[in-house]
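Data block below; observations after.
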Amino acid sequence: MSQKKLKIGLFGFGCVGFGLYEVLQKTPGLKADIRKICVKNTDKEREIDPSNFTFDKNDLLNDDEINVIVELIDDADAAFEIVSSALKKGKAVVSANKKMIAEHFTELLELQREYGVPLLYEAACCASLPIIRNLEEYYDNDLLESIEGIVNGSTNYILTKTFAENLSYEAALLEAQQKGFAESNPILDTGGFDAKYKLQILLAHAFGFIAKPEALFNIGIDRIGKLELKYAKEKGLKIKLIAKAFKNTDGTVSAFVLPKFVHPENRLFSVDDVFNGVVTKTSFADEQFFVGKGAGAHPTASAVLSDISALGYDYKYEYKKIGQQQGLTLTDNIELDVLLRHEKPAAEALRQEFTSVNESYLNGESGYITGKISFGKLKALHNENEERSFVLI
Ligand SMILES: NC(=O)c1ccc[n+]([C@@H]2O[C@H](COP(=O)([O-])OP(=O)(O)OC[C@H]3O[C@@H](n4cnc5c(N)ncnc54)[C@H](O)[C@@H]3O)[C@@H](O)[C@H]2O)c1
Ligand SMILES: N[C@@H](CCO)C(=O)O
């Protein structure tokens with residue numbers, strides 16, 4: 001099959017946009033070049049010929065020679081406007097913007113179908129890991145039982161640095177920002193929102209289930225304190241921010257983003273720093289494990305490059321599982337093994353909320369309880385008091 005010539009209109013020239021520019025310079029065999037770049041910041045000095053740049057999105061969207069729009073900006077609302085206009089004009093699109101994709105999944109699916117043009121977004125989930133295309137192409141829907149992983153590079157970097165190197169939370173976050181891993185608004189990372197957007201996209205490609213992001217519960221790493229770190233160290237565990245979606249025995253699906261104490265025998269235990277790891281579980285293959293860098297200029301640009309290359313061969317997502325899964329429902333009707341760190345006065349009342357308690361510990365003003373709790377109770381208790389933190393065991 002011969003490769004189509006691609007003329008790219010690039011939006012955004014920040015960490016990933018510039019990374020893509022560099023990667024394309026080093027990929028001479030690819031029949032793709034950047035025709036124009038739309039940027040926002042009028043004051044910024046840039047290293048390449050200024051005639052390549054414009055501040056007007058229509059210079060790209062109305063250019064008939066541009067057949068691919070690559071959207072790499074940090075503003076989800078503006079990104080949706082750009083991407084939907086491009087699709088309506090019959091231009092293929094590559095995007096790394098998980099917030100935009102998660103918030104507008106159904107509309108983007110309809111636009112692709114109505115205008116017959118593809119939107120690819122491998123870089124939006126776990127940067128360099130080829131997880132979306134694998135979920136799309138490889139797994140039969142009946143076989144996939146669960147998908148679980150570390151899907152945010154910044155939080156994994158922060159957890160690694162605070163745990164193994166005793167760096168402060170603030171210093172580790174600053175490093176993640178300086179290295180280009182964090183979102184422009186880092187609360188998206190630390191609060192588990194970025195991981196939730198990725199989980200929403202993975203859910204659609206793994207099980208054909210389209211959830212609104214607000215229907216998925218997320219706890220980030222911002223409530224993790226000394227007590228949880230001490231607990232993990234004493235028991236030889238690590239804390240990881242886990243995104244998980246799985247089918248229950250009654251065929252319903254459950255999904256969440258939660259911090260977890262990970263045991264050394266878990267494949268995700270050794271996934272440190274900016275690396276992401278995803279474990280799929282299927283009926284016949286059993287476990288499969290994907291690992292790679294989950295953020296950063298070149299690792300992310302590598303996934304964008306792969307999408308651009310795939311467009312050269314007219315690749316598109318078929319979304320077959322979405323068609324097959326009408327009627328699938330999301331349920332919170334599950335129990336989870338957790339550690340709850342709590343404030344002293346409420347300790348006894350909190351024990352009553354657990355289905356079963358394994359350990360409880362109280363020291364001065366705070367303590368913890370470990371045991372089984374219903375997912376619904378966990379959500380309610382977490383939301384009603386900021387002094388509480390939940391970590392899966
Ligand atoms: N940095 C990573 O490791 C990484 C990994 C995967 C996905 N992503 C995603 O890629 C996208 C870009 O991330 P980044 O790290 O390069 O961010 P960045 O902040 O480094 O760069 C974004 C650039 O977009 C520009 N911009 C904002 N609005 C614009 C508009 N309307 N038109 C033109 N330019 C505009 C900003 O001025 C900025 O220079 C985000 O959606 C992010 O979530 C980033
Ligand atoms: N901020 C994101 C970028 C990659 O999606 C992360 O740290 O994982």
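Excluded from the calculations below are hydrogen atoms, water molecules and symmetry mates; all remaining heavy atoms, backbone and side chain alike, are included. As the structure lists them, so they are numbered: ligands from 1, and atoms in each ligand from 1.
The shortest contact between atom 5 (O) of ligand 2 and any protein heavy atom is with Lys98 NZ, 2.5 Å. The protein non-hydrogen atom at the shortest distance from atom 33 (C) of ligand 1 is Cys38 O, 3.4 Å. Scanning all protein heavy atoms for the shortest distance to atom 17 (O) of ligand 1 gives Asp74 CB, 4.1 Å.
Proximity annotation for atom 7 (O) of ligand 2: of Ser154, Ala176, Ala303, Ser154 comes nearest, heavy atoms only.
The N/O atoms of Gly153, backbone and side chain alike, include one that comes under 3.5 Å of an N/O atom in ligand 2. For ligand 1, the polar-atom distance check against Gly180 finds a nitrogen or oxygen pair separated by under 3.5 Å.
Contact analysis leaves Ala124 out of contact with ligand 1, as no non-hydrogen atom separation drops below 4.0 angstrom. For the ligand labelled ligand 2, residue Gly294 lies inside the 4.0 Å heavy-atom shell.
Geometrically, Lys238 engages Phe269 in a cation-pi contact, judged by NZ or CZ lying under 6.0 Å from the ring centre and within 45° of the ring axis. For the pair Arg46 and Phe53, the cation-pi test (distance below 6.0 Å, angle within 45°) is passed.
In this structure, a donor-acceptor pair under 3.5 Å is absent between the side chains of Asn67 and Lys5. No side-chain donor from either of Glu136 and Tyr315 sits under 3.5 Å from a side-chain acceptor of the other. A donor-acceptor pair shorter than 3.5 Å can be found between the side chains of Glu228 and Ser389.
Proximity of Leu72 to ligand 1, defined as any heavy-atom pair under 4.0 Å, is confined to the backbone N, CA, C and O atoms. Heavy atoms of Asp189 found under 4.0 angstrom from ligand 2 belong exclusively to the side chain.
Between Phe390 and His382, the ring planes lie tilted relative to each other; the angle falls in the 30° to 60° range.
When side chains are defined from C-beta on, Tyr169 does not count as touching Ile224, because their heavy atoms never get closer than 4.5 Å.
Interface of Glu183 with ligand 2, defined as ligand atoms under 4.0 Å from a residue heavy atom, comprises 1 (N), 2 (C), 3 (C).
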